[in-house]
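Letters go in sequence order (proteins before strands), and every chain restarts at 1.
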Amino acid sequence: MKEIQIYNSYSGKKEIFKPIHEGRVGMYVCGPTVYSDVHLGNCRTFVGFDIIYRYLQHLGYKVRYVRNITDVGHLEGDADTGREDKISKKARLEQLEPMEIVQQYMNGFHEMMKIFNVLPPNIEPRATGHIIEQIEMVQAIIDNGLAYEQNGSVYFDTLKFAEKYGVYGKLSGRKIEDLLTETRDNLKNQDEKRHPSDFAIWIKAAPEHLMRWQAPWSVGFPGWHLECSAMSTKYLGEKFDIHGGGGDLKFPHHENEIAQNYGVCGHAPCNYWMHGNMLLLEGKKMSKSDGNSIMPGELFTGQSKHLTKAYSPMVVRFFMLQTHYRSTLDMTDDALQAAEKGYRRLMEGQKVLQELSHPGNGKAGDLDKEINSLIDLAFNDMSDDFNTPKALASLFELVTKINSLKGGQLSLGDVTAETLERLKQTFNDFIFDIFGLLTEDFASSGDGVVDGLMNLILEMRQTARTNKDWGTSDKIRDVLKELDIVVKDSKEGATWSKA
RNA sequence: GGUCGGUUGGCCGAGUGGCUAGGCAGAGGUCUGCAAAACCUCGUACAGCGGUUCGACUCCGCUACCGACCUCCA
């Protein structure tokens with residue numbers, strides 16, 4: 001199997017990927033909290049890990065991909081004062097059952113993932129379905145002396161953890177000494193925690209709190225960080241390969257997750273931590289709570305002050321591929337327009353390629369070699385920490401070759417049949433399997449009537465052209481153009497597409 | 001304030017101690033009845049100031065600006 005390198009956020013270095021069990025990968029990615037509609041920033045993370053999932057599978061790994069749904073335990077605002085779970089709050093505001101809220105937004109999330117052609121995970125566990133496991137985990141942490149109970153709530157003892165293992169803060173680059181000195185600044189918070197950095201793993205429910213379960217300490221609900229520890233352990237084991245999520249989850253979420261796993265079994269949950277970078281809008285992180293966000297729906301309709309036109313889901317997906325997952329991506333209308341053109345060029349190249357047929361007796365010269373090395377390069381780039389923009393660059397260079405082969409600037413006689421076949425296979429693999437792009441048929445409305453009419457019109461225009469009746473020919477082209485239909489003439493005849 | 005990251009041509013975005021990223025836009029050309037498409041050629045970009053080096057956009061330091069995290073966040 002091809003060797004790949006992964007940037008490990010925990011070590012801060014690229015490392016050669018070695019799965020725990022040969023040929024298999026266990027991957028856990030933090031999913032959304034379903035208390036409102038997903039925005040585009042959320043989508044970027046899941047598209048990013050979708051590509052990783054797809055590429056690992058393409059390489060032949062058997063991947064168990066677990067992505068959770070957070071449907072309880074995610075506290076609003078300051079956990080010390082607010083004490084209200086996001087779902088619960090939304091339910092109260094909207095006078096709905098919490099599960100109704102969860103269902104509504106979970107459905108919306110799934111729909112959006114489908115629109116972006118994000119593959120569903122193998123397991124999509126929900127926090128509320130794993131309360132027992134979480135309670136057991138709390139108990140285990142208490143038994144190991146790393147958590148304490150206070151008035152029915154249970155807190156993780158970060159100081160003890162830091163003393164015992166010395167790793168608290170490593171993922172997010174925090175220093176334990178800083179945590180210690182924090183104490184005096186926080187005396188004002190007359191809360192139940194022994195130390196400000198301690199965090200709740202079980203929370204006693206206030207009387208008005210809707211989501212609640214019976215536990216040894218109180219009737220309450222689990223802390224946010226706990227679910228991921230419990231569910232990843234349940235489905236992937238105490239130690240698995242890759243844990244991913246958005247970069248904004250590093251602290252406190254992932255840091256605390258690591259602490260919890262140590263608290264239960266004395267070691268970290270996974271070997272590789274991967275974090276996707278943020279999607280920016282107007283140079284600032286896209287964030288719902290700051291009001292700086294675009295919803296996918298706004299993008300698809302173009303109904304946003306940030307946009308001049310609508311963009312299709314695949315254009316957006318392509319747009320995301322043009323940037324490495326670890327870089328921030330600034331979304332602008334200009335950039336989307338460029339992506340749209342690029343996406344179409346790539347897909348058109350793919351179409352042209354698949355229509356090429358080899359005349360036989362091709363020779364393996366420089367062109368042949370060049371094509372093969374561009375293909376190799378594309379795979380090597382993907383294997384180097386999933387460098388999609390670089391792989392894409394190679395594909396675009398190949399698109400130029402493909403167009404030249406079609407246009408006659410290059411000859412298929414200089415390419416072997418095997419190479420052409422390999423090229424076709426590579427494009428299919430990359431575009432559909434790895435990048436997960438879908439064809440948006442610009443040359444068809446999906447409506448047989450329109451296609452039929454268009455064929456008729458183009459035939460009539462061809463007749464006019466044959467008779468050198470340029471007036472008629474150009475009129476047809478001009479009128480179609482006003483209808484946003486572009487006619488392209490070539491040696492084989494005219495084709496059309498929507499602008 | 002603390003920690004970390006970034007600053008690449010008109011725009012978006014890779015990457016490298018000396019060798020073309022790529023996409024979009026722009027200029028010229030080929031093809032074409034014209035146009036579109038396609039193909040070819042082109043701009044010679046790496047925040048600023050120092051340093052290391054035969055050589056730095058790439059390494060080091062300082063400065064400026066931007067961002068992320070330190071609260072809930074993908």
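Within the 4.0 angstrom heavy-atom criterion, base atoms lie near A:Leu279. Note on A:Glu340: nothing from the nucleic acid sits closer than 4.0 angstrom, heavy atoms only. Counting any heavy atom pair closer than 4.0 Å across all strands shown, A:Val352 reaches no nucleic acid atom. Counting non-hydrogen atoms under 4.0 angstrom, A:Ser287 reaches a base of the nucleic acid. A:Gly48 comes within 4.0 angstrom of no nucleic acid atom, judged by non-hydrogen atoms across all strands. Within 4.0 Å of A:Gly407, counting heavy atoms only, lies no atom of the nucleic acid at all. No contact: A:Gly408 has no heavy atom under 4.0 Å from any strand. Across all strands, A:His324 comes closer than 4.0 Å only to sugar-phosphate atoms, never to a base (heavy-atom distances). Within 4.0 Å of A:Asp489, counting heavy atoms only, lies at least one base atom of the nucleic acid. Across all strands shown, A:Ser289 has heavy atoms under 4.0 Å from base atoms, whether or not it also approaches the sugar-phosphate. Nucleic acid contact for A:Lys285: base, since at least one base atom lies under 4.0 Å from a heavy atom of the residue. Note on A:Ala393: a base of the nucleic acid sits closer than 4.0 angstrom, heavy atoms only. Residue A:Thr495 is classed as having no contact, given no heavy-atom separation below 4.0 Å to the nucleic acid. Across all strands shown, A:Gly245 has heavy atoms under 4.0 Å from sugar-phosphate atoms exclusively, and none from any base.
Comparing B:rC39, B:rG13, B:rC12 by their closest approach to the side chain of A:Thr400 singles out B:rC39. Distance from the side chain of A:Asn42 is smallest to B:rA74 among B:rG33, B:rG13, B:rA74. Residue A:Asp330 has its side chain nearest to B:rG13 when only B:rG15, B:rG13, B:rG33 are considered. Of the candidates B:rA21, B:rC34, B:rC12, B:rC12 carries the atom nearest the A:Ala335 side chain, counting heavy atoms from C-beta on. The nucleotide whose nearest atom lies closest to any side-chain atom of A:Thr323 is, among B:rA74, B:rC12, B:rA14, B:rA14. Proximity note for A:Lys284 (side chain, C-beta onward) versus B:rA14, B:rG33, B:rG67: the nearest is B:rG67. Comparing B:rC69, B:rC12, B:rC72 against the side chain of A:Pro252 picks out B:rC72 as the nearest.
Checking A:Met331 against A:Arg465, the closest nucleotide of RNA chain B that is more toward the 5' end is the one next to A:Met331.
A:Glu340 has a carboxylate O that lies under 4.0 Å from a charged side-chain N of A:Lys309, or vice versa, which qualifies the two as a salt bridge. One finds a salt bridge joining A:Asp384 and A:Lys14 here, because a Lys/Arg side-chain nitrogen approaches an Asp/Glu carboxylate oxygen to under 4.0 Å. With respect to A:Asp474 and A:Arg477, a salt bridge is recorded, a charged nitrogen being found less than 4.0 Å from a carboxylate O. Ion pair A:Asp290/A:Lys285 not flagged as a salt bridge, since none of the NZ, NE, NH1 or NH2 atoms sits closer than 4.0 Å to an Asp/Glu carboxylate oxygen. Between A:Glu370 and A:Lys401, at least one side-chain nitrogen of the basic residue sits less than 4.0 Å from a carboxylate oxygen of the acidic one, meeting the salt-bridge criterion. One finds a salt bridge joining A:Asp489 and A:Arg461 here, because a Lys/Arg side-chain nitrogen approaches an Asp/Glu carboxylate oxygen to under 4.0 Å.
Side-chain atoms of A:Arg344 stay outside donor-acceptor range of the base of B:rC24, with no qualifying N/O pair under 3.5 Å. A donor-acceptor contact under 3.5 Å is formed by the side chain of A:Asp474 with the base of B:rG33. Taking 3.5 Å as the limit, the base of B:rA74 and the side chain of A:Arg44 contain no donor-acceptor pair of atoms between them.
For the pair A:Arg317 CZ and B:rG23 P, the computed distance is 21 Å after rounding to whole Å. Going from atom NZ of A:Lys14 over to atom P of B:rA14 covers 12 Å, rounded to whole Å. Atom CG in A:Leu249 sits about 13 Å away from atom C1' in B:rA68, given to the nearest Å. Going from atom CD1 of A:Ile52 over to atom C1' of B:rA74 covers 13 Å, rounded to whole Å. Between the NZ atom of A:Lys175 and the C1' atom of B:rC69 there is a distance of 14 Å, given to the nearest Å. Atom CE in A:Met278 sits roughly 15 Å away from atom C1' in B:rC70 (whole-Å rounding). A:Gln337 places its CD atom 19 Å from the P atom of B:rG10, with the value rounded to the nearest Å. B:rG67 atom C1' lies 14 Å from atom CG of A:Leu329, rounded to whole Å.
Using a 4.0 Å cut-off, some side-chain N or O of A:Arg345 falls inside it from OP1 or OP2 of B:rA38. Taking 4.0 angstrom as the limit, A:Asn403 places none of its side-chain polar atoms (N or O) nearer than this to OP1 or OP2 of B:rA38. For A:Lys341 and B:rA25, the shortest distance from a side-chain N or O to OP1 or OP2 is below 4.0 Å. OP1 and OP2 of B:rA68 both lie 4.0 Å or more from every side-chain N or O belonging to A:Thr328. Contact annotation: A:Lys488 does not reach the phosphate of B:rA38 (side-chain N/O to OP1 or OP2, under 4.0 Å). The phosphate of B:rG15 has OP1 or OP2 within less than 4.0 Å of a side-chain N or O from A:Asn387.
Across B:rG13 and B:rG18, the matching C1' atoms stand 24 Å from one another, rounded to whole Å. Nucleotides B:rU20 and B:rU41 place their P atoms 13 Å apart, quoted to the nearest Å. With P as the reference atom, B:rG67 and B:rG26 are 31 Å apart, rounded to whole Å. Separation of the C1' atoms belonging to B:rA36 and B:rC69 is 50 Å when rounded to the nearest angstrom. To the nearest whole angstrom, the two P atoms, one in B:rU7 and one in B:rA14, are 9 Å apart. Here, B:rA45 and B:rU63 have their C1' atoms 22 Å apart, quoted to the whole Å. Rounded to a whole angstrom, the distance from the P atom of B:rG17 to that of B:rC59 is 8 Å. If you take atom P in B:rG43 and the same atom in B:rG28, they sit 16 Å apart, rounded to whole Å.
When both distances must be under 3.5 Å, the Watson-Crick or G-U wobble mate of B:rU7 is B:rA64. B:rU71 is unpaired under the Watson-Crick or G-U wobble criterion, no partner having all donor-acceptor distances under 3.5 Å. Both distances falling under 3.5 Å, in either a Watson-Crick or a G-U wobble arrangement, occur for no nucleotide opposite B:rA37. In this structure, B:rA14 makes no Watson-Crick or G-U wobble pair, since no nucleotide meets both defining distances under 3.5 angstrom. B:rC46 is unpaired under the criterion used here, namely a Watson-Crick or G-U wobble arrangement in which both key atom distances are under 3.5 Å.
With centroids closer than 5.5 Å and planes inclined by less than 30 degrees as the test, A:Trp470 and the base of B:rG33 pass as a stacked pair.
Checked by atom type, the side-chain pair A:Tyr28/A:Asp241 shows no donor-acceptor distance below 3.5 Å. Checking A:Tyr155 against A:Glu192 by side-chain atom types alone, a donor-acceptor pair falls below 3.5 Å.
In this pair, A:Phe379 and A:Phe430 present their aromatic rings tilted. The plane angle is within the 30 to 60° band.
In this structure, A:Met106 and A:Arg126 have side chains that are in contact, with non-hydrogen atoms separated by less than 4.5 Å.
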